[in-house]
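Starting from 1, each residue takes its place in the sequence as its number.
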Amino acid sequence: MSFRYDLTAVEILKLLGYTEPVGKDTLLQAEREKNLKLPPALFEFWSLAADSPLFETADIWTKKRNYLRFFYDDIQKWIDSLKEYWEKAPQEYADNEYYQLYKLPKEKWSEHVLNYLQIGSDYGAGIIKIGMCLDEIGQEDPPVYMLIEGGSLADWKIIDDHLSDFLKSSVCDVLCCGEYDTAVEILEEMGWTSEEAYQESFPTLDMDALLKQRSEYGADAVCGCAYDEDKHLLIAAKIDRADSRNSRMMTYQKE
């Protein structure tokens, strides 16, 4: 077997049969309305994955309704829902970050909190926002950040140095079925057979070349995908070095 290890997220989508840019028109309209140009990798990924049930349980959003959702918009909604209570007893909320932003003109918010294009959240608990800083979104392959609920609104931390890595790890995590069997169910409907596999079955598989992406699922987990072009066989693997029970390898083959 001769495997490819360098597939991008978009190449994996196309390999699986997602070849039509069903979300392109929606994205173009959203870009015009928001006067924003998305990084090419995200634009193409969202165009192909739009409203796909394959990502129903993923951390990256693919629903068209979530396109171009900004952190400032979420802050404003929170402010709008609470400001009537704040005005009744403003002294009680002096230390509240939302209240402090409420008392400022919106053009001053950036002095305290940066704005982010939100592109996902943790599916299970819903306490983590995932996004890209608007100040960096013009880059070809910008970093991706996360914000954990309960912390400071300014406490966004880098989770991937490059958007392309985040997109690929999102696809690989879905295909590994470590948390949910969504990929198995959806891809079998599309004519793929799937089964759990083991490294010993693939003696030529280079695990170091395969496991290049940080996995969202696991304390110290990495994941990746490899493709045998001759056999039309796709392998997705996740290894958690901190907990081997949280490791899994899946194969997908077109019938």
Side-chain angles (χ1 to χ4, degrees), residues 34 36 38 42 45-46 49 55-104 106 108-137 142-163 165-167 169-174 176 178-180 182 213-223 238 240 242-243 246:
K34 300 295 186 179
L36 179 72
L38 290 172
L42 182 61
F45 180 89
W46 266 351
F55 296 95
E56 191 71 35
T57 53
D59 289 349
I60 188 169
W61 293 336
T62 57
K63 297 289 186 183
K64 292 179 184 177
R65 66 173 181 266
N66 288 318
Y67 288 167
L68 302 202
R69 176 173 164 180
F70 299 106
F71 185 42
Y72 278 10
D73 293 339
D74 281 6
I75 292 175
Q76 187 63 58
K77 288 178 182 178
W78 191 259
I79 288 173
D80 291 342
S81 69
L82 293 174
K83 61 185 179 182
E84 65 176 293
Y85 302 102
W86 293 339
E87 291 304 324
K88 294 176 182 178
Q91 66 282 359
E92 296 181 14
Y93 301 98
D95 295 331
N96 184 289
E97 283 186 283
Y98 288 99
Y99 178 77
Q100 292 168 359
L101 292 174
Y102 166 56
K103 302 305 290 184
L104 291 174
K106 202 165 188 176
K108 295 284 189 178
W109 284 9
S110 61
E111 298 176 8
H112 304 272
V113 177
L114 296 178
N115 199 4
Y116 291 78
L117 172 66
Q118 298 178 182
I119 62 174
S121 60
D122 61 310
Y123 175 78
I127 62 171
I128 296 175
K129 298 179 185 293
I130 299 171
M132 294 178 294
C133 183
L134 285 191
D135 290 348
E136 300 170 338
I137 206 166
V144 176
Y145 298 79
M146 74 172 182
L147 177 69
I148 301 176
E149 185 179 294
S152 168
L153 297 177
D155 199 22
W156 288 79
K157 304 293 187 185
I158 287 182
I159 55 174
D160 277 304
D161 290 330
H162 301 289
L163 170 66
D165 290 332
F166 173 75
L167 294 176
S169 66
S170 296
V171 174
C172 293
D173 271 332
V174 166
C176 288
E179 300 292 318
Y180 307 96
T182 306
Q213 313 301 137
R214 176 195 56 84
S215 173
E216 296 288 342
Y217 303 103
D220 185 19
V222 287
C223 63
K238 182 191 74 170
D240 192 337
D243 183 0
N246 192 28

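Side chains of C223 and S169 form a contact here, defined as non-hydrogen atoms less than 4.5 Å apart. Residues E179 and E216 fail the side-chain proximity criterion, which asks for heavy atoms closer than 4.5 Å. Side chains of E111 and L104 form no contact here, defined as non-hydrogen atoms less than 4.5 Å apart. Looking at L82 and N96, their side chains never come closer than 4.5 Å, going by heavy atoms from C-beta outward. With a 4.5 Å cut-off on side-chain heavy atoms, L38 and L117 count as touching. Counting only heavy atoms from C-beta outward, the side chains of Y180 and E56 never approach each other to under 4.5 Å. Counting heavy atoms from C-beta outward, I79 and I75 have side chains that approach closer than 4.5 Å.
For the residue pair L114 and C133, the shortest heavy atom distance occurs at CD1-SG, 3.9 Å. In terms of heavy-atom proximity, A94 sits nearest to Q100 at O-NE2, 3.0 Å. Closest approach of V144 to M132, counting heavy atoms only: CG2-CG, 4.2 Å. In this structure, Y67 and T62 approach most closely via the heavy-atom pair OH-O, 3.7 Å. Y217 approaches T57 most closely through the heavy-atom pair OH-O, 3.9 Å.
Taken from CG in D220 to CG in D240, the straight-line distance is 6.5 Å, to the nearest 0.5 Å. Here the OG-CG distance, from S170 to D160, works out to 8.0 Å after rounding to the nearest 0.5 Å. Note that CD1 of I60 is 7.0 Å distant from CH2 of W46, once rounded to the nearest 0.5 Å. From D59, atom CG reaches atom CD1 of I159 across 8.5 Å, with rounding to the nearest 0.5 Å. Going from atom CD of Q76 over to atom CZ of F70 covers 14.5 Å, rounded to the nearest 0.5 Å. Expressed to the nearest 0.5 Å, how far OH of Y98 lies from NZ of K83 amounts to 15.5 Å.
Exactly one residue among F45, W61, Y123 makes a ring-ring contact (aromatic ring centres under 6.0 Å, His included) with F55. That residue is F45.
Within a 6.0 Å radius of CH2 in W78, other residues, nucleotides and ligands contribute 12 heavy atoms or fewer. The local environment of CD1 in I127 is crowded, with over 12 non-hydrogen atoms from other residues, nucleotides or ligands closer than 6.0 Å. Within a 6.0 Å radius of CG in D80, other residues, nucleotides and ligands contribute more than 12 heavy atoms.
Using a cutoff of 4.0 Å between basic side-chain nitrogens and carboxylate oxygens, D155 and K157 are scored as salt-bridged. For R214 and D165, the salt-bridge test fails: no basic side-chain N is under 4.0 Å from an acidic carboxylate O.
Every pair passing salt bridge (Lys or Arg N to Asp or Glu O under 4.0 Å) that includes a residue from residues 120-136 is listed here, sequence neighbours excluded: D74-K129.
Y116 meets the ring-ring contact (aromatic ring centres under 6.0 Å, His included) test with Y145, W156; sequence neighbours excluded.
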Stepwise side-chain contact (heavy atoms from CB on, under 4.5 Å) check, F71 with L147: CA-CA 10 Å; F71 185 42; L147 177 69; 3.7 Å; yes
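Checked against the 6.0 Å centroid criterion, the rings of Y93 and Y102 do not qualify as a close aromatic pair.
No donor-acceptor pair closer than 3.5 Å links the side chain of Q213 to the backbone N or O of F166.
Checked by atom type, the side-chain pair E97/S152 shows a donor-acceptor distance below 3.5 Å.
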